[in-house]
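A quick write-up on the structure given underneath.
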Amino acid sequence: MDRGTVGSAQSGRLLVEVREEGPSAVVTPAGELDHHTADLLREPLEECLAKGFNRLVVDCARLEFCDSTGLNVLLGARLKAEAAGGGVHLVAMRPVVARVFEITGAEAVFTLHDTLEAALSDESG
């Protein structure tokens with residue numbers, strides 16, 4: 001498995017790390033995902049898709065906050081990944097982040113996992 005870092009982006013409130021794990025791109029946002037930081041996640045997700053990764057695993061364990069703008073970034077990535085035959089898998093959401101997905105019903109359109117290991121071993125898109 002390739003565990004090399006593909007890239008990262010950072011502002012004062014959000015750090016995004018990207019690495020390759022076999023057929024998946026693992027994207028790890030840490031901090032607050034909102035209107036001011038959304039592009040820091042959108043750009044790496046789009047770069048992964050452009051490189052041919054249609055299976056995106058977003059490790060949310062260090063994501064402290066997500067508003068509707070952040071949710072829209074993830075929904076947009078999901079549409080593009082699914083159009084390419086893949087999908088977006090969300091991992092280890094904190095309750096405050098999971099609540100946004102519950103309220104909006106967005107949890108129903110993503111594949112959710114408790115651990116990164118479970119997401120990486122899942123054979124589905």
Side-chain angles (χ1 to χ4, degrees):
M1 243 187 257
D2 181 6
R3 290 186 173 263
T5 298
V6 174
S8 65
Q10 182 173 7
S11 81
R13 293 178 26 220
L14 186 72
L15 169 68
V16 179
E17 297 175 349
V18 181
R19 69 181 191 277
E20 297 176 15
E21 290 277 352
S24 302
V26 177
V27 180
T28 306
E32 298 178 8
L33 177 57
D34 59 23
H35 174 74
H36 300 288
T37 60
D39 283 339
L40 290 171
L41 181 59
R42 180 183 292 110
E43 291 167 6
L45 289 172
E46 289 180 357
E47 287 173 15
C48 290
L49 291 164
K51 289 179 181 177
F53 287 98
N54 63 7
R55 188 174 194 284
L56 305 176
V57 176
V58 181
D59 184 352
C60 300
R62 295 170 38 210
L63 190 60
E64 299 166 4
F65 176 80
C66 179
D67 72 0
S68 61
T69 307
L71 176 60
N72 283 327
V73 167
L74 293 167
L75 288 167
R78 177 190 146 273
L79 289 174
K80 291 176 183 176
E82 287 183 356
V88 174
H89 297 250
L90 302 179
V91 178
M93 284 194 289
R94 294 179 178 197
V96 68
V97 174
R99 185 74 178 130
V100 173
F101 287 78
E102 291 167 12
I103 291 169
T104 62
E107 67 182 0
V109 300
F110 289 98
T111 304
L112 306 177
H113 301 276
D114 291 333
T115 66
L116 183 58
E117 293 76 21
L120 293 173
S121 66
D122 183 353
E123 299 285 328
S124 68

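Note: hydrogens, waters and symmetry copies are ignored here, and every other heavy atom, side chains too, is used.
- In this structure, Val88 and Leu75 have side chains that are not in contact, with every pair of non-hydrogen atoms separated by 4.5 Å or more.
- Taking every heavy atom of both residues into account, Leu116 and Arg19 meet most closely at CD2-NH2, 3.2 Å.
- In this structure the side chain of Leu90 never reaches within 4.5 angstrom of the side chain of Glu107, judged on heavy atoms.
- Placement of Val96 and Met93 within a single hydrophobic cluster is found when ILVMFWY residues are connected by side-chain heavy-atom separations under 4.5 Å, directly or transitively.
- In this structure, the side chains of Val73 and Asp39 stay at 4.5 Å or more apart for every pair of heavy atoms.
- Counting heavy atoms from C-beta outward, Arg62 and Leu15 have side chains that approach closer than 4.5 Å.
- The CD atom of Glu82 sits 10.5 Å away from the CG atom of Asn54 when rounded to the nearest 0.5 Å.
- Residues Thr111 and Arg55 fail the side-chain proximity criterion, which asks for heavy atoms closer than 4.5 Å.
- In this structure, Ala38 and Thr69 approach most closely via the heavy-atom pair CB-CG2, 3.6 Å.
- Other residues, nucleotides and ligands place no more than 12 heavy atoms under 6.0 Å from the CZ atom of Arg99.
- For the atom pair Leu45 CG and Arg78 CZ, the distance stands at 13.5 Å (nearest 0.5 Å).
- The two residues Ala119 and His113 come nearest to each other via the heavy atoms CB-CD2, 3.4 Å.
- Distance alone, capped at 3.5 Å, is enough to place a donor-acceptor pair between the Thr115 side chain and the Ala118 backbone.
- Between Glu21 and Val57 the shortest side-chain heavy-atom distance does not fall below 4.5 Å.
- Ring geometry for Phe101 against Phe110 counts as perpendicular: the plane angle is over 60°, on a 0 to 90° scale with 30° as the lower cut.
- In terms of heavy atoms, Lys80 sits closest to Leu49 at CB-CD1, 3.7 Å.
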Walk me through it: do Val26 and Leu120 pass the test side chain to side chain contact (heavy atoms under 4.5 Å, CB included)? CA-CA 9 Å; Val26 177; Leu120 293 173; 3.9 Å; yes
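- Put simply, Leu71 and Leu14 are part of the same group of oily side chains (I, L, V, M, F, W, Y) that touch within less than 4.5 Å, one to the next.
- In this structure, the side chains of Leu41 and Leu74 come closer than 4.5 Å at one or more pairs of heavy atoms.
- Val58 places a side-chain heavy atom less than 4.5 Å from the side chain of Pro29.
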Walk me through whether Val16 and Val27 qualify under side chain to side chain contact (heavy atoms under 4.5 Å, CB included). CA-CA 7 Å; Val16 179; Val27 180; 3.7 Å; yes
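- The two residues Asp122 and His89 have their closest heavy-atom pair at OD2-CE1, 3.6 Å.
- In plain terms, the two heavy atoms of Leu56 and Cys48 that are nearest each other are CD2-CB, 3.7 Å.
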